[in-house]
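This report refers to the structure that appears directly beneath it.
Remember, it's 1-based here, ligands and their atoms both numbered in the order they're listed.
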Amino acid sequence: MRIGAHVDPAEPLVAATARGADAVQFFLADPQGWKTPAPHPDAAALKASEVDVYIHAPYVINVATLNNRIRIPSRKLLLTHARAAAEIGAKGLIVHGGHVNAGDDIAVGFDNWRKTFAYMEKEGGPPLPILIENTAGGDHAIARRFDNLARLWDAVGEFGAGFCLDTCHAHAGGEELLNIVDRVKSITGRVDLIHANDSKDGFDSGRDRHDNLGSGKIDPDLVVAAIRAAGAPAIVETPGGVEGQAADIALLRERAGS
Ligand SMILES: [Zn+2]
């Protein structure tokens, strides 16, 4: 069982050792910005490392929106980050499902996802798996509720899209965690990565505030069960710095018995 943490992009391998992590996730550029990532100074070490590397795409990316001043640059930035992530040997690029605006037809949002994968294929294909992550909030989200996830997969499944399941987002988004991986797999056929987070907020609150495992509203055993059922690596995106994340990783290892 590979368990890691979301860490600062500076010296991710040092951060992994400090946390007892065998996987790391980080941003290659400001998550709120549109900048092309600069080459990572530790690229060679990251590529050679035993530590699994995952890259999270910027939050500004929304390939689903009908607003083409956001959608077109989002598409391009997604592929740019995919290429930069592949340069450092990353195993996947995580990107949020995005949303359409109120009043817009969500069917177009799903089709915009299809067009995004078609665009990447035309440009030579993404050089690593693109893992679409479920999100917590909003009434017009592409990947909050699983009825929409099924519509998304009708659009992107044929391109080999991957899936990242965030336990905080699922709980706050209104999806029960009991047997959640089976439900996701019946739609997507795969779960590539678990974001193992507790939630400060209640079920279906629509709020996205991560908490340390056992400190929030989620039974940690449901998180462990999701990791086990997925058979996928897990990343904690939890507060508390080195200490908080090391404790979360230790808790997962202990309860999962590995
Ligand atoms: Zn997440």
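Panel note: side chain N134, backbone D166; a donor-acceptor pair is recorded below 3.5 Å.
When all heavy atoms of V223 and A196 are compared, the pair lying nearest together is CG1-CB, 3.6 Å.
Within 6.0 Å of the CD atom in Q32, the count of heavy atoms belonging to other residues, nucleotides or ligands exceeds 12.
Here the protein contributes E133 OE2, D166 OD2, H195 ND1, E237 OE1 as N, O or S atoms under 2.8 Å from the Zn ion (ligand 1).
The stretch residues 97-121 participates, sequence neighbours left out, in these side chain to side chain donor-acceptor pair (under 3.5 Å) pairs: D111-R114.
Separation of the Y54 and H6 ring centroids does not fall under the 6.0 Å cut-off. Between H96 and Y59, a ring centre-to-centre spacing shorter than 6.0 Å is recorded.
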